[in-house]
Amino acid sequence: MANPKKGTSQERNEFVWGWIFILPTMIGLIVLNIYPIFKTIYESFFKTGDFGKGNIFIGAENYTKMFGDGEVWQALINTFKYAIVEVPFSIIISLVLAVLLNRKMKGRAVYRTIFFLPMVAAPAAIAMVWRWLFNAEFGLLNHILGTKTNWVSNPKIAIFAIAVIGIWSIIGYNMVLFISGLQEIPGDYYEAASIDGATGIKQFWHITCPLLSPTIFFVMITRVIGGLQVFDLIYMVIDRNNPALKKTQSLVYLFYQNSFVENNKGYGSTIVVLLLAIIMVITVFQMWGQKKWVHYS
Amino acid sequence: MKIKRLIAAGLTATMVVGMLTACGGGSSDDGGSKKKGDALTVAIWDTNQQAGLQEIIDEFTAETGVKAELQVLDWSAYWTLLEAGATGGDMPDVFWMHSNEAVKYMSNDILLDLTDYVSKSEKLEMDKFPQDLKDMYTWKDKVYAVPKDRDTIAMWYNKKMFDEAKIDYPDGSWTWDEFYEIAEKLTKDDGSQFGFAAQPSNEQDTWMNMVYSMGGTIVTDDNKSGFDDPNTIKAMEFLDKCVKNVMPDSNTMSETGTDVLFQSGKVAMISQGSWMVAGFKDNDYLVENADVARLPKDATTGRSVSLYNGLGWAASAGTGMPDEAFQLIEWFGSKDMQLKQAELGVTMAAYDGVSDAWVNNTDVFHLQPYLDAMDDTVFRPHTNSTLAWWNPMCEELVKVWNNEEKMADACKNITSMMNEKISEESY
């Protein structure tokens, strides 16, 4: 948008209307996102009172407490464990599915719908269904496998069991993004490659992957952020008495516990500021790293 | 195109991060904007009570012409909603209060002061409600809630399993040691059946009753932790013996839940509160196989103590319809509606003497033990900010259930944790 003072009346008009059109989004962003970010950072320096009244400034005390809090570090490890499993698997599986479902085949729409279905279901409902599938006593999974594994209450494997639910519920969404990316790749490239004798696998590595890399990058960034923010699955599947709770609770779970259950919003905010910092660092890192592998045509 | 996508990615990233932090805070003040003629919003957290309360509300509307809408949430969503509403100034008009949270709400002027209304009311007979319960919802001589119900605890047992093992049904004269022997007999070595089940979070309905029966206490009279009392420790060691020998492992209990284990014939006995009856009587397996007995006595003290708690009906201080809100609360607290609540089997009544009707609300179980339990009750232990130590207390016990810590050590840790939290209380 040009400086209106120098421009014609039409330019001035466009300037004004431009702002009017983005205003709703701007207001939404400021009220719902930007203001709360600063408010949260602000609150992390306070011992908060009930119902937002009587906050006492305590400087960096919440931060000192957090850096010495083993529970927070364990939650950080749990969060990373979850993200490290969920992100790559959800991307690889959905990429393969997208490539397979991007061909002309019978029942393509049906398959696409089936894989996308978990995205439509409420996360809480998904978690409840999986909780019963995983149940050691009456669960379908143990019934089929003939085992007695405590999928969601063994501290060693529970977080991975939850990651499986996460993968299952997100592949449909990733797949749709990949399919739209695949459809932007001109068919000529594949035709030319076939004439030159490239096999399907070779075409995948040398045509599909490079040309799809911007989409892969987008999915990766959003999934890493989403994975690090995991909460609802853990909240629904892991009961407070669960022996695996300490080894599965994520940072957001801990934030919820502190802010809304134990009513210590100051400390809860501190935890979430830590998560914010971590996500920012990782995202900046990814933005920098993309130069090496993302191809924009 | 590709550049746009990159920008989109960046924007999405900021937005998602923002969404997360959006939960952090923020407050606005639009207050109660309701006028006469609007419907009151009523919030509760128990689906089992929905149908019965709806009937009582319908009668209220027919009688007074004031409309009311009933909302049901689950326990944790309820408190999140109420707190957000209290902070932001948009609360339901009439809602339940619980002893865990009451002080926090009363001391911050979130609740409507009902003192004058109550003293002028012709329908309410406050002297018919239990004193502890009234005290719970009174802060600095002001009344903030009218008692809604009360509960007691009793032991549920599986008749089929007792028959199979040729053990007589408990008649309520048993001791905790006899109870343990029975539980041991009903525990099968192959892990297909267990005598008893309880989790760390079954405090009010299970292990705290053992503590008080055996002469222990959770909070002492001078507001200190009771976990260093020898009798409390004795009871906790008894509980530990049950956990180790007659219960399913903690994984199974936490994955499935003790009530579901009982409903599916895995566990012979569970100790449960009267609030569960409404749900249990809809379960075919339990209707056929289960019944109720009074909690065991302790051999030394001779007491069979049941904890009790009760909810209160409160109104929002910011409601636009305070008179109508109180009218509804008064309606719920009146003798007729307390009786009706009991008859419909919603819960036992807080009003003295009408709970006989609750016992007769169903003929599938013998609920008399719940009424008998009123002979020796202790009000649910609490301090001014109960939740601050209540959850850490349960968390510490999870370690005992998982064999990561000895019960004696857990009691020591809980004692120091509780004393620290109680000394920090700011009210």
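The analysis underlying the following values was restricted to heavy atoms, covering all of them including side chains, and did not include hydrogens, waters or symmetry mates. Protein chains get the first letters and strands the later ones, always in sequence-line order, with residue 1 at the start of each.
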>> Just so I understand: if I count every heavy-atom pair under 4.5 Å between each of A/Asn242, A/Asn150, A/Asp239 and chain B, which residue has the most?
In response: A/Asn150
>> Let's test your reading of the structure: which of A/Phe231, A/Phe51, A/Trp132 forms the most heavy-atom pairs below 4.5 Å with chain B?
In response: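 Of A/Phe231, A/Phe51, A/Trp132, A/Phe51 has the most heavy-atom pairs under 4.5 Å with chain B.
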>> Side chains of B/Trp79 and A/Phe260, heavy atoms from C-beta outward: is any pair under 4.5 Å?
In response: no
> Among B/Asn391, B/Val260, B/Thr252, B/Thr80, which has the most heavy-atom pairs under 4.5 Å with chain A?
Replying inline: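 It is B/Asn391.
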>> Regarding B/Glu255 and A/Arg131, does a basic nitrogen lie under 4.0 Å from an acidic carboxylate oxygen?
In response: no
>> Let me confirm one number: the NZ-CD distance from A/Lys246 to B/Glu395, rounded to the nearest 0.5 Å.
In response: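 So the gap between those two atoms works out to 4.0 Å.
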> What is the distance from atom CD of B/Glu101 to atom CG of A/Asn263, rounded to the nearest 0.5 Å?
Replying inline: 7.5 Å
> Are there more than 12 heavy atoms of other residues, nucleotides or ligands under 6.0 Å from atom CH2 of B/Trp75?
Replying inline: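 Atom CH2 in B/Trp75 is crowded, with more than 12 foreign heavy atoms closer than 6.0 Å.
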>> I'd like to know whether CG of B/Asp190 has more than 12 heavy-atom contacts from other residues, nucleotides or ligands below 6.0 angstrom.
In response: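 Counting other residues, nucleotides and ligands, CG of B/Asp190 exceeds 12 neighbours.
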>> Using the rule given for side-chain hydrogen bond (donor to acceptor under 3.5 Å, both in side chains), can you reason through B/Thr256 versus A/Glu137, listing the C-alpha separation, both sets of side-chain angles and the distance that settles it, and then say yes or no?
In response: CA-CA 8 Å; B/Thr256 312; A/Glu137 209 65 35; 5.6 Å; no
>> Determine whether B/Glu83 and A/Lys265 satisfy the following criterion, salt bridge (Lys or Arg N to Asp or Glu O under 4.0 Å), listing intermediate values before the conclusion.
In response: CA-CA 12 Å; B/Glu83 185 177 337; A/Lys265 297 222 165 44; 2.4 Å; yes
> Given a strict heavy-atom distance threshold of 4.5 Å, which part of A/Tyr235 is in contact with chain B: side chain, backbone, both, or neither?
Replying inline: side chain
> Using non-hydrogen atoms only, which part of A/Tyr256 is less than 4.5 Å away from chain B: side chain, backbone, both, or neither?
Replying inline: side chain
